[in-house]
Amino acid sequence: MTRGTAWFLLMLAILFGARPVTAGIGTAFWLLLATVLLVLLQLVPLPPDIWTALPGREALLGARPDEATWRPWSIVPWATINAASSLIVPVVAFYLVSALRDEEKAWLPTILLGVIFLSMLVGLLQFSGFAINNPFLNDSVGGVSGTFANRNHFALFLAMGCLITPVWALAGKQGAGWRAPVALVLMTLFALTILATGSRAGILTGLLALALGLAVCWHDVRRALRGAPRWVFPALIAAIIGFIALFVLVSMAADRAESVRRAFEIDPGQDMRTRGLPTVLSMIAAYFPAGAGFGGFDTVFRLHEPFQLLKPTYFNHVHNDLMEVVLDGGLPALLLLLIAIGWYGIASIRAWRGNGRHSVLPKLGSAILLLVFVASAFDYPARTPMMMAMIVIAASWLCQNRTASVRADFT
């Protein structure tokens, strides 16, 4: 349904919308294009001599090793087709964002904050005992995952809310005003919902988001308190931290902080990730530098799964997306990943060196991508449609660091 909606929106945008403008965000375009081409390249049939020369293909040869069958690079072609199909979401997101006018772009942070808030409301309903379970998604029945199938992804989405909220409140063209107390309440709700998800990685990304959110708005806060005594600024920061910490402590005392409880327990899922790590590392070595093919980890893992790891449930992903990218795409994916990280580092340094209002959105984009990088070390958030769209938006903001027309005049 999500992909069908994306295709429908793309057709509407092409027929009736404004044409996209890639000036200033060309790096994001080329990285996205390279990603799409790499996945599609794995579907090109290869001659038998070339295919059999790829590492890790020996066990897949049939009864007739000399059979002249052309096979695609990917070991599980249907899974790679599914992976390629999923990329329509970031492609459409990039198309729509690049076609926005300046006055429309001013609404984007507010719209994103509204989407995160609505997702949080769904999570709160689940937390209160209201059953919202989708049988077509690989979710945990009774869990607090909002509009996601995975509580870690939901917690990351809420952490992005903790990051966007202070920027929306303090860096907008309307100034702080009534937005400041609303932002404090929103950040508290986001933090408490992260605790309710049971995501331990969410605690890390949530704390990081709170710190980065204040860092992005640091100059706006200092500017607003320019005429106040010097002790007001540290007192304000301490008050904000204390306000949020108070509600967190109350939640823990009421035994409503599932994430904190799970931090002191042995999680079967985490235990499986640790036990399966040696097998994953051996798989990376076995298929490098060609890779096994995007989207086919579950099927390929069963070829290598040792007897002691067998259990009623299946190991769907590595739960370290950086490693899984190398396993799926081999050396080409590794090089593309290193290029993307290198660009991110250089662009982020430029963004955080800036102090003007035009640097707020690039800083926000840098911070959002950092949260995704951190979360990807424990899970696979970038493979979900919503996170794909968020990554594209954040990358477009970070690309516009040198564009003078980009301002933080949020509506």
Side-chain angles (χ1 to χ4, degrees), residues 18 20-32 90 93-117 156-157 159-176 179-180 183 186-187 208-224 340 343-373 386-411:
V21 178
T22 60
I25 55 176
T27 305
F29 169 77
W30 291 114
L31 288 174
L32 179 58
F94 181 85
Y95 187 98
L96 296 178
V97 169
S98 59
L100 291 176
R101 299 189 299 269
D102 289 340
E103 57 271 20
E104 294 171 334
K105 292 180 181 179
W107 282 94
L108 198 51
T110 304
I111 293 174
L112 293 179
L113 187 59
V115 172
I116 298 173
F117 177 76
L156 174 61
F157 200 48
M160 292 180 179
C162 294
L163 180 60
I164 297 175
T165 299
V167 179
W168 167 80
L170 301 173
K173 65 183 181 182
Q174 298 181 10
R179 293 192 178 192
L186 283 177
M187 293 172 67
L208 184 59
L210 290 173
L212 289 173
L214 293 176
V216 172
C217 302
W218 187 267
H219 292 281
D220 295 281
V221 176
R222 296 298 295 267
R223 187 182 300 108
W343 163 77
Y344 168 79
I346 295 174
S348 295
I349 292 174
R350 292 174 178 172
W352 287 95
R353 282 180 175 176
N355 295 326
R357 295 182 64 84
H358 67 279
S359 67
V360 174
L361 278 180
K363 289 179 182 178
L364 183 58
S366 172
I368 290 176
L369 293 178
L370 178 60
L371 292 182
V372 176
F373 278 128
M386 180 58 74
M387 289 303 169
M388 289 182 184
M390 293 294 295
I391 290 171
V392 167
I393 294 173
S396 67
W397 285 342
L398 183 57
C399 279
Q400 294 174 327
N401 181 47
R402 294 297 184 89
T403 305
S405 60
V406 177
R407 297 179 59 83
D409 294 336
F410 308 152
T411 301

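Heads up: numbering here begins at 1 and tracks the sequence. Keep in mind that what you see is a predicted model, and the values were worked out from it rather than measured.
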Distance from Leu361 atom CG to Cys399 atom SG, nearest 0.5 Å?
12.5 Å
Ile368 CD1 to Leu156 CG distance, which is reported to the nearest 0.5 Å
9.5 Å
Student check: side-chain heavy atoms of Val167 and Pro109 closer than 4.5 Å
no
Can you check side chain to side chain contact (heavy atoms under 4.5 Å, CB included) on Met160 and Leu112, steps first, answer last?
CA-CA 9 Å; Met160 292 180 179; Leu112 293 179; over 6 Å; no
Any donor-acceptor pair under 3.5 Å from Ser396 side chain to Ile393 backbone
yes
Calculate, to the nearest 0.5 Å, the distance between atoms CD1 and CE belonging to Ile164 and Met390 respectively.
4.5 Å
May I have the step-by-step check of side chain to side chain contact (heavy atoms under 4.5 Å, CB included) for Trp107 and Leu100, ending in yes or no?
CA-CA 10 Å; Trp107 282 94; Leu100 291 176; over 6 Å; no
Examine distances only and state if a side-chain atom of Ser366 and a backbone atom of Pro362 form a donor-acceptor pair shorter than 3.5 Å.
no
Would Ile25 and Val97 count as a side chain to side chain contact (heavy atoms under 4.5 Å, CB included) if you check the C-alpha gap in whole Å, the side-chain angles of each, and the deciding distance to 0.1 Å?
CA-CA 10 Å; Ile25 55 176; Val97 169; 5.6 Å; no
Write down the atom of Gly213, the atom of Leu163, and the distance for their closest heavy-atom approach.
N-CD1, 3.4 Å
Would you please classify the geometry between the Tyr344 ring and the Phe373 ring as parallel, tilted or perpendicular, with 30° and 60° separating the classes?
perpendicular
Please test Thr27 against Leu31 for side chain to side chain contact (heavy atoms under 4.5 Å, CB included), starting from the C-alpha separation and ending with a verdict.
CA-CA 6 Å; Thr27 305; Leu31 288 174; 4.2 Å; yes
For residues Leu113 and Gly161, report the shortest heavy-atom separation together with the two atoms involved.
CD1-O, 4.1 Å
Can you see which heavy atom on Ala395 is nearest to which on Trp343, and at what distance?
O-CH2, 4.0 Å
Closest heavy-atom pair, Pro166 versus Met187, reported as atoms and distance to 0.1 Å, is CD-SD, 3.9 Å
Return the CG to CD distance between Leu96 and Glu104, rounded to the nearest 0.5 Å.
10.5 Å
Heavy atoms of Ala99 and Ala18 approach each other most closely as CB-O, 3.4 Å
Of all heavy-atom pairs linking Leu108 and Trp397, the shortest is CD2-CZ2, 4.0 Å
First locate atom CZ of Phe157, then atom SG of Cys162, and finally report the distance between them rounded to the nearest 0.5 Å.
12.0 Å
For the CD1 atom of Ile116 and the CD1 atom of Ile111, what is their distance to the nearest 0.5 Å?
12.0 Å
